[in-house]
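To keep things clear, I will list the structure first and then write my remarks on it.
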Amino acid sequence: MGKRMIRVRFAPSPTGPLHMGGMRTALFNFLFARQNNGVFVLRIEDTDQARYVKGAEQYIIDSLEWCNISVDEGFHVGGDYGPYRQSERKSIYRKYAEKLVLAGKAYIAFDTQDDLEKIRKNYERSGETFNYGVYTREGMKNSLSLPENETQQRIESEEPYVIRFKIPENVGLAFSDIIRGMVNVNTSTLDDKILFKSDGMPTYHLANVVDDYLMKISHVIRGEEWLPSLPLHILLYQAFGWENDMPEFAHMPLTLKPDGKGKLSKREGDRMGFPVFPLEWTNPVTGEKSSGYRESGYFPEAFVNILAFLGWNPGTSQEIFSMEELIRTFSLERVVKAGSRFDPDKAKWYNHQYLQKKSNAELATRYLEILNEKGVSAGRESVEKIIGLIKNRANFIEDFWEQSSFFFIPPVEYDQKTVMKRWKGNTPQILEKLKRFIAGIDDFTSANCEKMVKEWIEENKLAVGEVMNPFRLVIVGAAMGPHLFDIIGILGKEETLGRIEAGLKKIRIPL
Ligand code: GLU
């Protein structure tokens, strides 16, 4: 037999926006597919109609696209194993559920919600939990406990029923998970899960296993929350006689809150000051907005890099990985078992790193838009130069304004603390002289200004600080910003002189 073709799937339920954990699942599946020349399938698991949220499907597509995670088969791109929405595969599932009933591996159950509620309450009263399974099924209303003709009659009179899986009694099940290693369970602890609901829809378990089989999925890579379902899924493969086609499983660790206490949930993010969603999301019912990484100024490459390190590491000190490098380096074997804590400061650090790698020209395109929104008109050439001077002080393009507004707008006020500290009795006299000297500089480049002003300071026997500190204050308005000569080189002589003049007029030491 030849090597099995690698086919993986990302199988979100469209119940709302994907969060970081979901995006990580998609990414790891994608990386695994690409590095094995395999196929990455997107399957929409929308069997729970009550939880369907409008716009969620489009959100999934947009988020994957933003992250450069391309889909090979899916409802939006087609493929040989469609349809790729479970709601469009309804007719398939019933057949498989009925097959199991005929084989005696599943059964029909008539218990109503009320019946089950009552039994559950009774159990609770005596301090126990009810488990519809090996030990209790005989006492319930189903095709195993009722006479055959009664079952028939109930079906004919269209009484609603579900199909439940008949968990085998007392079988020791041992199976391995690529990330978690060997897992052992005794089947008697499992319950007879519903496979097919009375509304004509399959449950997640049935649809998931049938689809993985029909879509020839070779590896199931998903979140740890599905690990408890794995024994049932394995029993289903066995019941259908599909053991030889069973995929391999890899359950990824939980993503935890920054303090490590508990799962990072969809509700948590904005409350803790960072987004949990890739893209901004507006709840279609309440109109409530949740922030997204994209809108918060993250680059998709940085976001992907952040996701990759949620539970995986390369075993080296390298932290910056392009998608190509991730495809080459990623391995399921290096995914850890323990929950991985999300670190929002580290997330910013990643963005900072990617920002440094971008060309000034590329960054300028977006910054020019921001400047335009602020009503500031500036030439591309000088904006690119300015970006070159300040980008190492920024994590996001949105930080540029804070770091560079003084290039575009002269100071209207001067930082009081700096005035108190740096504006001395002889400062006006020094700046007055400096102004006259600067007026005589012809070659007004940063390097030449620096050379000449430094010589001038020496010749006049002044201290560097008593010149440069107030000089920066009148140019910038505060004790901040990049190399001062770089700033005046961009501002030009006239503007520089004007700012010294304005500072001399306006700055007064408070008495
Ligand atoms: N529909 C499930 C989810 O939303 C998929 C679980 C799986 O990958 O098997 O997470």
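As the structure lists them, so they are numbered: ligands from 1, and atoms in each ligand from 1.
- A salt bridge does not link D111 to K141: none of the charged side-chain nitrogens sits closer than 4.0 Å to a carboxylate oxygen.
- The residues R393 and D399 are annotated as not salt-bridged, no charged nitrogen and carboxylate oxygen being separated by less than 4.0 angstrom.
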Which donor-acceptor pairs under 3.5 Å do side chains of residues 231-249 form with protein atoms, sequence neighbours excluded?
{"from": "H233", "atom 1": "ND1", "to": "R222", "atom 2": "NH2", "distance (Å)": "3.3"}
{"from": "H233", "atom 1": "NE2", "to": "H205", "atom 2": "ND1", "distance (Å)": "3.0"}

Between ligand 1 and the protein, which N/O pairs fall short of 3.5 Å?
{"from": "ligand 1", "atom 1": "1 (N)", "to": "A11", "atom 2": "O", "distance (Å)": "2.8"}
{"from": "ligand 1", "atom 1": "1 (N)", "to": "S13", "atom 2": "OG", "distance (Å)": "3.1"}
{"from": "ligand 1", "atom 1": "1 (N)", "to": "E45", "atom 2": "OE1", "distance (Å)": "2.6"}
{"from": "ligand 1", "atom 1": "4 (O)", "to": "S13", "atom 2": "N", "distance (Å)": "3.4"}
{"from": "ligand 1", "atom 1": "4 (O)", "to": "S13", "atom 2": "OG", "distance (Å)": "3.2"}
{"from": "ligand 1", "atom 1": "8 (O)", "to": "R9", "atom 2": "NH1", "distance (Å)": "2.7"}
{"from": "ligand 1", "atom 1": "8 (O)", "to": "R9", "atom 2": "NH2", "distance (Å)": "3.4"}
{"from": "ligand 1", "atom 1": "9 (O)", "to": "R9", "atom 2": "NH2", "distance (Å)": "2.9"}
{"from": "ligand 1", "atom 1": "9 (O)", "to": "Y204", "atom 2": "OH", "distance (Å)": "2.8"}
{"from": "ligand 1", "atom 1": "9 (O)", "to": "N208", "atom 2": "ND2", "distance (Å)": "3.0"}
{"from": "ligand 1", "atom 1": "9 (O)", "to": "R222", "atom 2": "NH1", "distance (Å)": "2.8"}
{"from": "ligand 1", "atom 1": "10 (O)", "to": "W226", "atom 2": "NE1", "distance (Å)": "3.3"}

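- Between F274 and F342, the ring planes are tilted. Angles from 30° to 60° get that label.
- Residue pairs meeting the ring pair (Phe, Tyr, Trp, His ring centres under 6.0 Å) criterion with at least one partner in residues 126-150, sequence neighbours excluded, are Y123-F130.
- Applying the ring-ring contact (aromatic ring centres under 6.0 Å, His included) test to F400 and every residue at least two apart in sequence or in another chain returns Y367.
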